[in-house]
Trainee: 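Have a look at the structure that comes next, please.
Numbers for residues simply follow the sequence, beginning at 1.
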Amino acid sequence: MMSGVQALLAGEDLVVEADGRRILDVDRLELREGEILAVLGPNGSGKSTLLRVLALLQRPHGGRVTFRGDPTIAAERDLRRSLAMVFQRPHLWAGTVRSNIELGLRLRGVPREARGAAADAAAELLQVSHLLGARAEGLSTGEVQRVAIARALALEPGILILDEPTASLDAEVRTALREDLERVARTRSRSTVIATHDRAEAFYVADRIAVLNGGRVVQVGTPSELFENPAESYIATVTGAEFSVRGTVTGAEDGLLHVRIGDRTFTAVGAAAPGDEVKVAYRPEDLFLSRESIAGASPRNRFPARIVEIRALGGLLRLRLLGPAEMVAVVTRAAGDELELREGLETQVQVKATALHAFPL
């Protein structure tokens, strides 16, 4: 995971143990200047622990954190002044919103007038200016989160670390805060680490994503790199390939596998040997349906299937198909109407080789 660009913040050989169990084991993870890095993983994967270690709030049992490549005490002191962290459930002190946003500045001895100006600017960024005179005790969950982020931004940190900032919010509030967070990070060119279990959030805000599973970073890359080239089946699932079918590899060439599924042979991306049993992961939206045979399509990636169930999901239709194996497709309502899809209909299905990812069982 090394790069030609020096990391602004990096964790190397990080190990954290609890109750005799290793809960974090990270070879290297780096944050680059001006980027938004998402740490994506399920609950319990070690995201919060990793963020606390990077923020120097928890000492690892092994490894080190470096700031601009420097692991010294002087660099640690500089990092502490450059970094601000907001927790998933932030605490606000009794008092006004303004007093809470000014808290860190007051502790640093910033004069009253400068504190006020910084608080005003941070409140405007997070759209809580109208709340500056309100009591913190009466705020909603979404307002508390915005005030806590404004408090961090008032310090003008070079690095902002956010631990699941939208996890406890309802959908509408979560979407609005997500958009504001990206805007703030982009306009202020602030290096940001954001932990989330929501892949939509990670893919929306991040320049790069580090996928964490069982305390290990299993892949780091841009959203498109993870989406198109998942390194393992877990990552394929994380990026939306929630369905899979089993098959047997019959041949391999140029990074592509020929996989026998039922009575058909498919071409898929993967690394395996002939005879291996594999799980072929796919995204339902990558299955293309037609009422007639698709001219010029590869016969190995085209197959007939019968629609056995149709379920409406808002503006989408979820189709259960019975072909060489049982599969699931998702199409828009408009496409469904155009194709006159119905249960019992025989249809033709096509899927690109690059949309199928085979992983050894």
Side-chain angles (χ1 to χ4, degrees), residues 7-11 31-37 48-60 64-137 139 143-165 177 180-195:
L8 176 63
L9 174 67
L31 173 69
R32 300 168 184 170
E33 194 85 48
E35 81 167 343
I36 301 176
L37 174 69
S48 294
T49 300
L50 175 58
L51 264 57
R52 287 196 301 269
V53 169
L54 292 175
L56 304 181
L57 298 176
Q58 180 174 344
R59 292 286 183 185
R64 65 180 188 173
V65 174
T66 63
F67 181 52
R68 300 190 185 280
D70 188 349
T72 65
I73 296 298
E76 181 176 308
R77 184 175 59 249
D78 291 342
L79 175 58
R80 290 185 185 278
R81 287 194 65 86
S82 298
L83 183 148
M85 181 170 178
V86 179
F87 297 94
Q88 180 177 345
R89 293 180 177 83
H91 175 75
L92 298 186
W93 300 97
T96 65
V97 166
R98 176 179 290 281
S99 67
N100 271 275
I101 295 177
E102 291 185 8
L103 177 62
L105 297 168
R106 189 163 59 249
L107 293 174
R108 290 187 177 185
V110 176
R112 181 187 299 243
E113 186 175 340
R115 289 201 311 263
D120 288 342
E124 185 175 353
L125 280 171
L126 270 297
Q127 302 187 46
V128 292
S129 298
H130 63 291
L131 297 173
L132 283 170
R135 301 287 298 182
E137 302 93 308
L139 300 182
E143 290 169 341
V144 167
Q145 195 67 270
R146 284 179 176 273
V147 171
I149 296 169
R151 180 171 60 190
L153 290 176
L155 297 171
E156 288 292 331
I159 299 173
L160 181 63
I161 296 183
L162 304 170
D163 187 6
E164 299 264 16
L177 180 56
D180 284 342
L181 287 176
E182 187 196 26
R183 173 180 53 80
V184 168
R186 300 293 183 203
T187 57
R188 292 300 183 94
S189 298
R190 189 168 280 109
S191 300
T192 304
V193 182
I194 178 170

Trainee: Give a yes or no on whether Arg135 atom CZ has more than 12 heavy-atom contacts from other residues, nucleotides or ligands under 6.0 Å away.
Mentor: yes
Trainee: Within a strict 4.5 Å, meaning less than it, do heavy atoms of the Pro71 and Thr66 side chains meet?
Mentor: yes
Trainee: Compare all side-chain heavy atoms of Phe87 with those of Arg89 and state whether any distance is below 4.5 angstrom.
Mentor: no
Trainee: With side-chain contact (heavy atoms from CB on, under 4.5 Å) as the test, would you mind laying out the steps for Asp120 and Leu132 before giving the verdict?
Mentor: CA-CA 8 Å; Asp120 288 342; Leu132 283 170; 3.5 Å; yes
Trainee: Set out, in order, the CA-CA distance, both residues' side-chain angles and the distance that settles side-chain contact (heavy atoms from CB on, under 4.5 Å) for Ile101 and Arg98, then state yes or no.
Mentor: CA-CA 5 Å; Ile101 295 177; Arg98 176 179 290 281; 5.9 Å; no
Trainee: Which atom names give the shortest non-hydrogen contact between Glu102 and Arg115, and what distance separates them?
Mentor: OE1-NE, 3.4 Å
Trainee: Any side-chain heavy atom of Arg32 sitting closer than 4.5 Å to one from Ser191?
Mentor: no
Trainee: Pick out which of Leu131, Val97, Leu92 makes a side chain to side chain contact (heavy atoms under 4.5 Å, CB included) with Glu143.
Mentor: Leu131
Trainee: Specify the closest pair of heavy atoms between Gln145 and Gln88, including all atoms of both residues, with the distance to one decimal.
Mentor: NE2-O, 3.2 Å
Trainee: Going by heavy atoms in the side chains, are Leu181 and Ile36 under 4.5 Å from each other?
Mentor: no
Trainee: Does the side chain of Val86 come within less than 4.5 Å of Pro165's, by heavy atoms?
Mentor: no
Trainee: Minimum heavy-atom separation for Leu54 and Val65, please, with both atom names.
Mentor: O-CG1, 4.1 Å
Trainee: Evaluate Leu177 against Leu126 for side-chain contact (heavy atoms from CB on, under 4.5 Å), listing each step before the verdict.
Mentor: CA-CA 8 Å; Leu177 180 56; Leu126 270 297; 4.2 Å; yes
Trainee: Charged N to carboxylate O under 4.0 angstrom, Asp180 versus Arg146?
Mentor: yes
Trainee: Could you report the tightest heavy-atom contact between Ala75 and Phe67, atom names first, then the distance?
Mentor: O-CD2, 3.7 Å
Trainee: Is it true that atom CD of Gln58 has more than 12 heavy atoms of other residues, nucleotides or ligands lying nearer than 6.0 Å?
Mentor: yes
Trainee: Counting neighbours of CD on Glu137 that are heavy atoms of other residues, nucleotides or ligands and sit closer than 6.0 Å, is the number greater than 12?
Mentor: yes
Trainee: Should the heavy atoms of other residues, nucleotides or ligands under 6.0 Å from CZ of Arg59 be counted, would the total exceed 12?
Mentor: no
Trainee: Which atom names give the shortest non-hydrogen contact between Ala154 and Leu105, and what distance separates them?
Mentor: O-CD2, 3.5 Å
Trainee: Once rounded to the nearest 0.5 Å, what's the spacing between atom CZ of Arg77 and atom CG of Leu56?
Mentor: 12.5 Å
Trainee: Which heavy atom in Leu57 sits nearest to a heavy atom in Met85, and how many Å separate them?
Mentor: CD1-SD, 3.7 Å
Trainee: Applying side-chain contact (heavy atoms from CB on, under 4.5 Å), run through Val193 and Leu162 and close with a yes or a no.
Mentor: CA-CA 6 Å; Val193 182; Leu162 304 170; over 6 Å; no
Trainee: Below 4.5 Å, heavy atoms only, C-beta onward: do Leu79 and Ile159 meet side chain to side chain?
Mentor: yes
Trainee: Salt bridge check, Glu33 against Arg68: does any charged N sit closer than 4.0 Å to a carboxylate O?
Mentor: yes
